[in-house]
Undergrad: 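Dropping a structure here in C-alpha cells format, bear with me for questions.
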There are 4 protein chains.
Amino acid sequence: MSHHGAPVTTSELMLQIAIRSFADRGYEATSMRQIAQDVGVKPASLYNHYPAKEDLLWAIVEDAITELEARQDAAVEVDVTPLRALRTFVRVHVRYHATHAQEARIVNARIRVLSSERYARVLDFRKRYERRLRDLLVGGDADGSFDLVDVKTTTFAILQMGMAISDWYRPDGELDPEELCDRYERHALRLIGVRVPDEPALERLAE
Amino acid sequence: MSHHGAPVTTSELMLQIAIRSFADRGYEATSMRQIAQDVGVKPASLYNHYPAKEDLLWAIVEDAITELEARQDAAVEVDVTPLRALRTFVRVHVRYHATHAQEARIVNARIRVLSSERYARVLDFRKRYERRLRDLLVGGDADGSFDLVDVKTTTFAILQMGMAISDWYRPDGELDPEELCDRYERHALRLIGVRVPDEPALERLAE
Amino acid sequence: MSHHGAPVTTSELMLQIAIRSFADRGYEATSMRQIAQDVGVKPASLYNHYPAKEDLLWAIVEDAITELEARQDAAVEVDVTPLRALRTFVRVHVRYHATHAQEARIVNARIRVLSSERYARVLDFRKRYERRLRDLLVGGDADGSFDLVDVKTTTFAILQMGMAISDWYRPDGELDPEELCDRYERHALRLIGVRVPDEPALERLAE
Amino acid sequence: MSHHGAPVTTSELMLQIAIRSFADRGYEATSMRQIAQDVGVKPASLYNHYPAKEDLLWAIVEDAITELEARQDAAVEVDVTPLRALRTFVRVHVRYHATHAQEARIVNARIRVLSSERYARVLDFRKRYERRLRDLLVGGDADGSFDLVDVKTTTFAILQMGMAISDWYRPDGELDPEELCDRYERHALRLIGVRVPDEPALERLAE
DNA sequence: AATGAATGAGGCTTCATTCAT
DNA sequence: AATGAATGAAGCCTCATTCAT
C-alpha cells in the first residue's frame, strides 16, 4: 500500500476519495454515486473493488485503529518512568490526530452502521486504547509520580482534548504537528499534576 | 413550555423523539418515518407541526445554542476575578453538556444540512462562545492570574474536554453533574496554571 | 350571485380565486392549499363551501357552459337570414371568449377529472354548441347564401379561432371586445365565402 | 434515431409512452409511476434514462419545436411570391399538427413547469414562428397580393385554426393529412382575401 | 476492471380530505 | 363557518446494489 503518497491503484484512489467524503460530509450523507463521480468512474465499478459501502468504511476504520494502536505499540519503551511513558503516549496520540485528521474524524464518529462484529472490534479498540492510558495514569498515581484529580475524568480529558484536534487542526496553520505535540504534552503534564518547570518537551519526530 | 418535564403537546413529543433519535443515530440516519412511528403518528402528521425535517433539527439546535449562551450570560458576575469567572464558565459549560448530552451531541455534530443562514447562526454562536472563553483566558494571563501554555490550544482543550462529556456521561453513573463540575473545574485550573491547593470548588447549583 | 362584481360571499371569493388559479396554472397544478391561502382561509374551510376540489371545478365549468349557451340562445332572432344568424353567433362566441377568458380556458382544457356524468354534460354541451354552428353553415350553404370549402373544417375553424382568443386576449390591449368581434366577424364572412364589401359590422353591444 | 417507427431503444419507448400520456392526460396528471408501468419497467428505471420528469417533457418539447421550425425552414423557397410562400407555410403548419397531434398538444399546452431557461426557449420559438407568418402576411399586404382584415388577428386565426387540428384530428378519419392541408390552405386564402377560383391546391407531399 | 441498465426499498414531502372542536 | 390536527395515498426521486456484457 502507498500510505499517504499519491494513490497508485484505483482501489486506493477510491479509498482516499471515500476518506475525504466521509470525513467532510459524514458516512450517511455520502452516496456511492458521489464517490464514484469524484473518482471518475461509474457507481457499479466501485463494487469491483469493495463489495459494499460498509466495506469501504471498514477499510478506513480498520486501517485507522490498527495504525494508531501500532504507533502506540511502537513507541513503548521498556523500563521507562510513568512520566516519560505518559508523555510519549500523548505525543503519539496528538500527532496521529493532527496528521490523520480525516481518518480520525471517521473513526470517532458514530459508526453504528458497521456490522456488529466490526462494531465490536471498534469498541474493543477503544476500550484497549483507553485502558492503555488509564493504566499509565493509575501507575503514575500509585508510585507518586502523578497527582491526579481522578483517574476517570483525567483519562477522558487527555484522550478527548487530543481527539478533538482532528476537528479543527489544519496542516497549513501556524502550528506544525510537533509544535502541537509540545503544547498538548504540557497540557497533559498539568492535568496529571506534574510540574516540570524548564524541562523541554520530548524530542520530536523527524519529519 | 414544559422544559424537561414530560411533553405535554404533540409538538413537544415530536421534538423529544427527534432529539433522542438525532443524538443516538445521527440526523442523516434518522428518517421521518421512524420519528413518526416512535411518536405514534403517521409521517404526514409531522408536517402539521414542522414543515420539514430540517426545521425539526433547527428547533433543537436553535434552542440548544440559545440556552447554552443564556446560561453563560446569566452566570456572569460583575467585578469578579478572572479566576472566578473562568471557574464559573467551566462549571456552566460542563453542567450543560452533562445535563443536555443529547442536545449537545446534536449541536456539536456536523450540521451542514442546515440552510446557509441557519448554519451561519451556528457558526456565529460557536465563534462567540469560544471567544468568551478565550477572552477570559487572555484577561487572566494579562494580569498574571493565569499562567497559560498558550491561548489557542488551552481554549480548545477546556472547551472540548467539556463538550466530550456529552459523548460518555450517563446520568445514572457514579458522578452527578455537580461532582462532574468539580472535577472539570479542577482540570481547568490546572490547565491555566493555577494552584488552588485546598480551595473548595465553587458552590454547586441546587438541583 | 354577483356576476363579475366584487365577490360578496366567501363562496364566491373561493370560486373567483379558483377560476384564476385553474386558468393560470391548470387544475392539476392547483392545490386546495394554494386556493385556501389565496382566499385567506385554512384548507379545511374550503370544504364548508365545496365538498371537493372537483366540485369547485364543476361550479366553474357548469356556469360557463350554461352561460355561453344562454347567450347564444338569447341572441337567436326569428325569421332571420342565415348570414345574419351566423354573424350573430360569431359575435357572441368571440365576445364570450374575450370577456370570460379565464373561464373559457378552463372549460376548453382537458377536464377528464370530472366525474363521468359531468364530463358527459360537457361533451353534450360541446356537441350541441358545435352543431348549432354547423347547422347554420349547412343552412346557408343549402340556400346558396354561403359558399363553403367544406362544412366540417369550416365549423372547426370558426369555432377554434374564437376559442383561441381566450389564450391571448388581454382586456387592456389595443382592441376592445367589440372591435375584436368586428374583426372575427369579417374573418368568418370570408371563411364562409361571403363578400360584404362595405357592409358595416353588426351593431355592437352596449357596454 | 427511429422517427415514428417502432421504438427500438428503451429510452425511445419511454419517450413514446410519455408523449401519449402527456398528450392524453396532461403533464401534471401523468405520474412517473404510470409511465413506468406502461413502459413495463419500475419507476426507478426511468431515471437511468431521464434525470427528472421535466427532462422527459423537455425532450418532447425541444424535439417538437425544433422539428416544426426545421420543416418550415426546409419548405422556404427563394424568389417566390408571397402567396405561394403563405400557402406553403399553411400546409407545413397543418400537416405537422395533423401528423404530430400528440406532440403538438403537449407543446401548445401551458408548460410553465419547465425551467425558466427552457420556458424562455419555448417562448422564443413561439415568437419566431408567429413572426414568420406575420412577416409573410405583412409582405403580401404591402405589395397588394393580399387584402387583410388586419395583421394581428389574421395571424392568430391562421395559426390557431391549424393548431386546433391537433385536438380533433384522427388519422383514421375521413380526411388524410394532405386533404386536410388542401382545406386549410383554402381557408387561409380566404382569410387573406385572395380568390383563386379554380387553382388547385399546392402539390401534396408524397407519403 | 468497467459499465449501462434494472430494481426493491425507502427517502422527504404534498395531496385531498375528514373530523372533532 | 372556521380550523388544528390527523391521515391514506401518492407524488418525485435517490439509494445501494446486482447483473449481463
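When reading the values below, keep in mind they use all heavy atoms of this one structure, side chains included, and skip hydrogens, waters and symmetry mates. Lettering of chains follows the sequences in order, A, B, ..., and the numbering in each one begins at 1.
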Undergrad: Tell me which pairs pass ring-ring contact (aromatic ring centres under 6.0 Å, His included) where either residue lies in residues 19-48 of chain C, with sequence neighbours left out.
TA: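 Qualifying pairs: C:Phe22-C:Tyr27.
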Undergrad: With sequence neighbours excluded, what pairs up with B:Gln37 under the side chain to side chain donor-acceptor pair (under 3.5 Å) test?
TA: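 So B:Gln37 forms no side chain to side chain donor-acceptor pair (under 3.5 Å) with any residue.
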Undergrad: OP1 or OP2 of E:dG8 versus the side-chain N and O atoms of D:Lys42: is any pair under 4.0 Å?
TA: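 Indeed, a polar side-chain atom of D:Lys42 lies that close.
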Undergrad: When the distance from CD of B:Glu12 to C1' of F:dA5 is rounded to whole Å, what number comes out?
TA: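 About 16 Å, once rounded to whole Å.
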Undergrad: Quick one: A:Leu13 CG to E:dA2 P, roughly how many Å, whole number?
TA: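 My rounded result for the distance is 10 Å.
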Undergrad: Using side chain to side chain donor-acceptor pair (under 3.5 Å) as the criterion, list what pairs up with C:Ser11, not counting sequence neighbours.
TA: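 Result, side chain to side chain donor-acceptor pair (under 3.5 Å) vs C:Ser11: C:His49.
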Undergrad: Using atom CG of A:Leu56 as one end and atom C1' of F:dT17 as the other, report the distance to the nearest whole Å.
TA: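 That distance rounds to 13 Å.
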Undergrad: Check each residue of residues 45-53 of chain A for a non-hydrogen atom within less than 4.0 Å of any atom in DNA chain F, then write out the ones that pass by number, or none.
TA: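 Here the set is A:Tyr47, A:Ala52, A:Lys53.
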Undergrad: Does the side chain of B:Leu46 come within less than 4.5 Å of B:Met14's, by heavy atoms?
TA: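 They are in contact (side-chain heavy atoms under 4.5 Å apart), so the answer is yes.
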Undergrad: Starting at the 5' end of DNA chain F, write a dot or bracket for each base, bracketing those in Watson-Crick or G-U wobble pairs whose two distances are under 3.5 Å and using | for partners on another strand.
TA: .||||||||||||||||||||
Undergrad: How many whole angstroms separate atom CD of A:Glu54 from atom P of F:dC15?
TA: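 Going from CD in A:Glu54 over to P in F:dC15 covers 19 Å.
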Undergrad: Does B:Ser166 reach the main-chain N or O of B:Met163 with its side chain, forming a donor-acceptor pair under 3.5 Å?
TA: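 Checking the backbone N and O of B:Met163 against the side chain of B:Ser166, a donor-acceptor pair under 3.5 Å is found.
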Undergrad: What are the two closest heavy atoms between A:Ala104 and A:His97, and how far apart are they?
TA: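 Distance-wise, the nearest heavy atoms are CB-CD2, 3.4 Å.
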Undergrad: Could you pull out all residues at least two apart from C:Tyr50 that satisfy ring pair (Phe, Tyr, Trp, His ring centres under 6.0 Å)?
TA: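 So C:Tyr50 forms no ring pair (Phe, Tyr, Trp, His ring centres under 6.0 Å) with any residue.
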Undergrad: Using the test salt bridge (charged side-chain N to carboxylate O under 4.0 Å, His left out), find all partners of A:Asp124 that sit at least two apart in sequence or belong to another chain.
TA: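 Listed in chain order: nothing, the list is empty.
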Undergrad: For E:dA1, does either OP1 or OP2 sit under 4.0 Å from a side-chain N or O belonging to A:Ser11?
TA: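 For E:dA1, OP1/OP2 do not have a side-chain N/O of A:Ser11 under 4.0 Å.
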Undergrad: Would you find a donor on one side and an acceptor on the other, under 3.5 Å apart, between the side chain of A:Arg112 and the backbone of B:Asp24?
TA: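 Yes, the answer is positive, given that a donor and an acceptor are paired below the 3.5 Å cut-off.
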Undergrad: For the residue pair D:Val41 and D:Ser45, what are the closest heavy atoms and their distance?
TA: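 Answer, listing the atom of D:Val41 first, then D:Ser45: CG1-CB, 3.7 Å.
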Undergrad: Once salt bridge (Lys or Arg N to Asp or Glu O under 4.0 Å) is applied, what residue pairs with a partner in residues 26-38 of chain B remain, sequence neighbours excluded?
TA: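 Qualifying pairs: B:Arg25-B:Asp38.
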Undergrad: Is there any protein nitrogen or oxygen under 3.5 Å from a nitrogen or oxygen in nucleotides 19-21 of chain E, and what are the pairs?
TA:
none

Undergrad: For A:Val8, does its backbone N or O pair with a side-chain atom of A:Glu12 as donor and acceptor, under 3.5 Å?
TA: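 Confirmed, A:Glu12 side chain pairs with A:Val8 backbone.
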Undergrad: Which pairs count as salt bridge (Lys or Arg N to Asp or Glu O under 4.0 Å) when at least one residue sits in residues 46-61 of chain C, sequence neighbours excluded?
TA: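 Checked against salt bridge (Lys or Arg N to Asp or Glu O under 4.0 Å) - neighbours excluded - the pairs reaching residues 46-61 of chain C are C:Glu54-C:Arg118, C:Asp55-C:Arg118.
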Undergrad: Return whichever of A:Pro43 or B:Tyr27 has its heavy-atom-nearest nucleotide of DNA chain E closer to the 5' end.
TA: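 Nearest-nucleotide comparison on DNA chain E picks A:Pro43.
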Undergrad: Does any residue of residues 29-38 of chain A have a heavy atom under 4.0 Å from DNA chain F, and if so, which ones, in number order?
TA: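 Nucleic-acid contacts, sorted: A:Thr30, A:Ser31, A:Met32, A:Arg33.
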Undergrad: Go through the structure and list residues passing side-chain contact (heavy atoms from CB on, under 4.5 Å) with C:Leu13, not counting sequence neighbours.
TA: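 C:Pro7, C:Ile17, C:Val39.
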Undergrad: Please compare A:Thr10 and D:Thr10 by the position of their nearest nucleotide in DNA chain E and report the one closer to 5'.
TA: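 With A:Thr10 and D:Thr10 compared, the 5'-side residue is A:Thr10.
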Undergrad: Figure out the CG/P separation between D:Asp55 and F:dC12, and round it to whole Å.
TA: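 Value for this atom pair: 14 Å.
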